[in-house]
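Computed from a prediction, not measured in an experiment: that's the story for all the values here.
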Amino acid sequence: APDQSVLLAFRAATSFAEGHFVRITAAGRSSVLAPSLRPSVSIEQSGTSVRAGWLGKMIVAAMQRGGRRTWMRIDGDARALAIPQAAELKGSDTKGLWFLDRGSLFHLGRAGRREIVEQNVVQAGIEQLDPFSVGYRHAVDPDDLPAAIIEQGDQVDVISLPGRARIAAEAASVILDARGDTVVTLETGDHGTSTLRLRRPGSVTTLDAINLHLARVQPAEGIPLRRSSSDAAVSGWLFLPKRTRKVPMVVIPYPGAVFGTRRPMVADLLNWSVPANVNVLLAHGYAVLLPSIPAAPTGMPSAGLVDAVDAATNMAVATDRIDKTRIGVLGHSFGAFAAMTIATRSTRYRAIIASSGPYDLVSAHGMMVGADRIRLSRGLPFENAAGWVEAGQARMMATPGSASVAYVAQSPIFHAARVRVPVMLVHGDMDTVAIEQAEHMFMELTRQNADATLVRYWGEGHVLDSPANIRDYWRRVLAFLDDHLSVMPSRP
């Protein structure tokens, strides 16, 4: 609570949907809030979430009511608030909560009064270009809402909050930081060129222009792989290099990523993804496949994964642009889990690269990584360990002790003996996924006489930051793929 006298927590039961919000006093007494109601649960690519916040001493949460999500006061006598069903909680301050509803930004005060602040809002809050560096909770549930971008006709403004100074901006702006009536924006051109600017009411200072070389680069050809022309969902997207003959292909899987007919942003020239960059692979002569992989059932994170990747691969091969004998897989994070799952269940893919992934869900349940070891006074680091395995992307919804058979079945490390294709594992020792995951997988593969390579980067986190390490990583990745898929780089 704002006065730090009471804690709001969420207690999941056999599933999040059966859980309850709980009020805990400083003396350790707890009480269930709105016991007859259930929370509104969202299952997204990044994990499972419920939404709640403090409105002074009042507790507000998104609940299920009559089959619909309803924002309610849940302390005392539960009652619905005058908040639209589709509204998203965007932040809080000492006076209330900020919500965004289909372009309408409004503030809910302590007395429950709703004040519409702005219309035509296209961004509320700061864009987190690297959420891993700011902390998971802050990235998904920020404390404040310092600014928003609005569009009115041809005019685009940044509104600083709560003072609401208006600051002129460009149409393609995103907010990177805001303090009072000063904001930092990033404007991106059609080809990925970007300009960083410091903006104040009546003045603008250009700080830097980056990626200017991209102005001369044409985006790669992208093909949505659809079963029929009327399908809104696609089996994946295929991106092709500038070659006419059949080319080798790299599959980049990520469980939970399901694509539509709109070109995926991950293939944009500006996409900053270091470990699985579509355009670096295209420039080297590889086709790239982004397969749609629907979220798996609870307790079975690998269910349907290989089938989904195979289905998209079959459609890519059917274009007659892909050499079906030269296909590899490159996965990062949960995508690395997918890559190693594929390696244990298929020999179709001739080379597997997995970076920063969890391969043993049993040990991942109790992970304690580098940064966590020196800050235990701040609390036990469950969010990247038991939290991720039980209720995050893995969604095991059980502990290893209570579901040991399922944990073994779903963990690639227990099936290392099945791997028949070359594997390269990449990890940083300061990763939020413990480096031991890669080391233990490497040891098991080596014990089974598999062709395994381990690359470790010291001082690096979940995504490489050092320019020298990024160059080294891609040199190794491309050399590994070239060795096993036999591609020659395009000539100028």
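- A perpendicular orientation is assigned to the rings of W388 and F334, their planes being inclined by more than 60° (bins at 30° and 60°).
- In this structure, the side chain of W458 does not engage the main chain of D429 through any donor-acceptor pair within 3.5 Å.
- Within the 3.5 Å criterion, the main-chain N or O of V288 finds no donor-acceptor partner in the side chain of W237.
- No hydrogens or angles considered: nothing links the side chains of T185 and R197 as a donor-acceptor pair under 3.5 Å.
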Let's go through H107 and R113 carefully: what are the C-alpha distance in whole Å and the side-chain angles of both, what is the deciding distance for side-chain hydrogen bond (donor to acceptor under 3.5 Å, both in side chains) to 0.1 Å, and is it a yes or a no?
CA-CA 8 Å; H107 188 262; R113 179 173 172 269; over 6 Å; no

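- Judged by distance alone, the side chains of S355 and H427 never bring a donor and an acceptor atom under 3.5 Å apart.
- Once rounded to the nearest 0.5 Å, the distance linking CG of L33 with CZ of F10 reads 11.0 Å.
- If you take CG on L225 and CG on L289, they are separated by 6.5 Å, rounding to the nearest 0.5 Å.
- Nearest heavy atoms, A287 versus L282: CA-CD2, 4.3 Å.
- When atom types are taken as modelled, the side chain of N469 and the backbone of L464 share no donor-acceptor pair closer than 3.5 angstrom.
- Of the candidates N120, L161, I116, L105 forms a side-chain contact (heavy atoms from CB on, under 4.5 Å) with just one, namely L161.
- Atom CZ of R11 has 12 or fewer heavy atoms from other residues, nucleotides or ligands within 6.0 Å.
- Between F99 and F106, the ring planes lie parallel to each other; the angle is under 30°, not in the 30° to 60° tilted range.
- Between D482 and Y286, the side chains place a donor N or O and an acceptor N or O closer than 3.5 Å (distance only, hydrogens not considered).
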Between Q85 and R68, does the side-chain hydrogen bond (donor to acceptor under 3.5 Å, both in side chains) criterion hold? Intermediate values first, please.
CA-CA 8 Å; Q85 178 186 357; R68 303 175 62 186; 2.7 Å; yes

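- When all heavy atoms of T188 and S194 are compared, the pair lying nearest together is OG1-OG, 3.7 Å.
- Nearest heavy atom pair, residue A52 against residue L8, reads CB-CD2, 3.9 Å.
- Note that CG of L478 is 6.5 Å distant from CG of L281, once rounded to the nearest 0.5 Å.
- Under 3.5 Å, the side chains of D431 and S356 contain a donor-acceptor pair of N or O atoms.
- From S203, atom OG reaches atom CG of L198 across 7.5 Å, with rounding to the nearest 0.5 Å.
- Between the side chain of S333 and the backbone N or O of G335, no donor-acceptor pair lies under 3.5 Å.
- Counting only residues at least two apart or in different chains, salt bridge (Lys or Arg N to Asp or Glu O under 4.0 Å) contacts with residues 155-164 comprise E115-R164, D157-R166.
- No more than 12 heavy atoms of other residues, nucleotides or ligands lie within 6.0 Å of CZ in R262, so this atom counts as exposed by the packing criterion.
- Counting only heavy atoms from C-beta outward, the side chains of V455 and L425 never approach each other to under 4.5 Å.
- Annotation: side chain of P301 is not in contact with side chain of Q393 (no heavy-atom distance under 4.5 Å).
- A124 and L100 get closest at one heavy-atom pair: CB-CD2, 4.2 Å.
- Put simply, the side chain of R199 gets close to the backbone of A168: a donor and an acceptor are under 3.5 Å apart.
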Yes or no on side-chain hydrogen bond (donor to acceptor under 3.5 Å, both in side chains) for S160 and D181, after CA distance, side-chain angles and deciding distance?
CA-CA 6 Å; S160 66; D181 62 353; over 6 Å; no

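- Electrostatic pairing of E88 and R69 counts as a salt bridge here, judged by a charged N lying under 4.0 Å from a carboxylate O.
- With values rounded to the nearest 0.5 angstrom, E390 atom CD is found 3.5 Å from H365 atom NE2.
- Judged by distance alone, with hydrogens and angles left aside, the side-chain atoms of S104 form no donor-acceptor pair with the main-chain N or O of D101 at under 3.5 Å.
- Taking every heavy atom of both residues into account, S292 and F259 meet most closely at OG-N, 3.0 Å.
- Atom-to-atom distance recorded for I149:CD1 and I175:CD1 is 4.0 Å, nearest 0.5 angstrom.
- With sequence neighbours excluded, no residue forms a salt bridge (Lys or Arg N to Asp or Glu O under 4.0 Å) with R23.
- Using modelled atom types, one finds no donor on one side chain facing an acceptor on the other under 3.5 Å when comparing Y473 with E460.
- Counting heavy atoms from C-beta on, the side chains of P241 and V247 come closer than 4.5 Å.
- Using a 4.5 Å heavy-atom threshold, the side chains of I167 and R200 count as separate.
- A salt bridge does not link D77 to R79: none of the charged nitrogens lies less than 4.0 Å from a carboxylate oxygen.
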Given the rule in the side-chain hydrogen bond (donor to acceptor under 3.5 Å, both in side chains) test, do T195 and E187 qualify, once you have shown the distances and angles that lead to the verdict?
CA-CA 5 Å; T195 306; E187 290 98 45; 5.3 Å; no

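- Taking each heavy atom of P35 and H20 in turn, the nearest pair found is O-NE2, 3.1 Å.
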